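One-based numbering, in listed order, for ligands and for the atoms of each. Keep in mind it's a predicted model, so treat the numbers as computed, not measured.
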Amino acid sequence: MSEAQNIQWFPGHMAKTRREISASLALVDAAVEIADARIPISSRNPELEDILAGKPHMILLNKSDMADAGVTATWIAHFERAGLRAFAVDCRSGKGLGRWKAEVHALLADRLEQYRAKGMVGKPLRVMVVGIPNVGKSSFINRMCGGARAKVEDRPGVTRGKQWFRIDNTLELLDTPGVLWPKFEDAAVGEHLAFTGAVTDRVIDTELLAVRLLEVLSAHYMERLTARYGVQPDAPYELLCAIARRRGMVVRGGEADTERAANMLLSEYRDGKLGGITLERP
Ligand code: G4P
């Protein structure tokens, strides 16, 4: 079970992470933020930019295999306009990661030049991997470091338990120090994280969650709902009832079994049965 499931939110958590990340910033040259391409707003910690305090930074829109490619391109343009290098990746298959190393070298060209000028040739670049739980940080690290996942020794003066990983002689990764929480105090963020399965359904009522998902889906992806469930545009709750009936999910008396339909819809959405879908737009 990941940290994202069973969350007990309280602000002290974020203060601790802020301190832990800040304390480690001096050890790295850059940060790579991993976000979920399906929910690029809700899967980011709004304080991160501030915490990174000007450290060179790029963003990977992960799980792009499950997102809407057209909308992902819009997001990339949006981040690039804001001065943040952005890439669509799939850390499960490795798609999009082939040029990542070269991009880090490009991002840190000035730093490499400084090292060269000081005769520090061969000093590896160090990059902190940051992102909320379940976004794909371990998958990214595993992909970049290969099966071996060579763990670099803890460095002197560094809190014990810090996770360093060596990609090769030129590049090392530091896993997020602490847990970077999403912005749970925002109800819409909690909902969007629940749609994607990043937090457990137990946090929110399943039927309510399915109805809210249908609200988003019917606004942007009605044709997919029609194609998969044979339903026509309607209000979200009516859509859920129609989906239940189309799937033969009825209880005694012929009433739609909306709870069963809700569970099915959420799991089919999460399994990608409705195709690549992005729930948030710039
Ligand atoms: P974390 O370290 O940030 O907490 O995330 P982690 O890498 O553990 O990834 C969380 C889940 O997301 C894993 O699924 C992982 O396989 C999946 N995942 C990561 N990157 C991608 C991606 O680009 N595309 C897709 N489709 N999935 C991705 P899991 O169900 O927890 O485990 P498993 O299915 O790998 O066994």
Give the C-alpha distance, both sets of side-chain angles, the deciding distance and a yes or no for side-chain contact (heavy atoms from CB on, under 4.5 Å) between Leu279 and Leu217.
CA-CA 8 Å; Leu279 299 172; Leu217 294 181; 4.2 Å; yes

If we only count heavy atoms from C-beta on, is the Thr258 to Cys241 side-chain gap below 4.5 Å?
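Yes; the side chains approach each other to less than 4.5 Å.
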
Check whether any side-chain heavy atom of Ile76 lies under 4.5 Å from a side-chain heavy atom of Phe87, and answer yes or no.
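No, too far: nothing below the 4.5 Å cut-off.
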
Heavy atom to atom 10 (C) of ligand 1, shortest distance: which of Asn134, Asp271, Thr196, Asp175 holds it?
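Selected option, by shortest heavy-atom distance: Asn134.
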
Atom 27 (N) of ligand 1: which of Arg143, Arg92, Arg270 has the nearest heavy atom?
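Looking at heavy atoms only, the winner is Arg92.
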
Steps toward side-chain contact (heavy atoms from CB on, under 4.5 Å) verdict (Val129, Phe165)
CA-CA 10 Å; Val129 181; Phe165 301 88; over 6 Å; no

Would you say Thr17's side chain and Val179's backbone share a donor-acceptor pair under 3.5 angstrom?
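It does hold such a pair.
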
Using modelled atom types only, decide if a donor and an acceptor are shared between the side chain of Thr278 and the backbone of Arg38 within a distance under 3.5 Å.
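Answer holds: no.
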
Under a 4.0 angstrom heavy-atom cut-off, which atoms of ligand 1 come close to [X]?
| X | result |
| --- | --- |
| Met66 | 26 (N) |
| Asp90 | 22 (C), 23 (O), 24 (N) |
| Asn62 | 19 (C), 20 (N), 21 (C), 22 (C), 23 (O) |
| Lys137 | 1 (P), 2 (O), 3 (O), 4 (O), 5 (O), 7 (O) |
| Cys91 | 20 (N), 22 (C), 23 (O) |

The single option from Val28, Leu174, Ile51 passing side chain to side chain contact (heavy atoms under 4.5 Å, CB included) against Ile21
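Of the listed options, the one satisfying the test is Ile51.
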
Taking all non-hydrogen atoms of both residues, which atom of Ala35 and which atom of Ile59 are closest, and how far apart?
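In this case the closest contact between Ala35 and Ile59 is CB-CD1, 4.0 Å.
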
Give yes or no for whether the N/O distance cutoff of 3.5 Å, strictly under, is met between [X] and ligand 1.
| X | value |
| --- | --- |
| Ser139 | yes |
| Val89 | no |
| Pro133 | no |

Given that the side chain starts at C-beta and the backbone is N, CA, C, O, which of these parts of Asp65 lies under 4.0 Å from ligand 1, counting heavy atoms, or is it both or neither?
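Answer for Asp65: side chain.
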
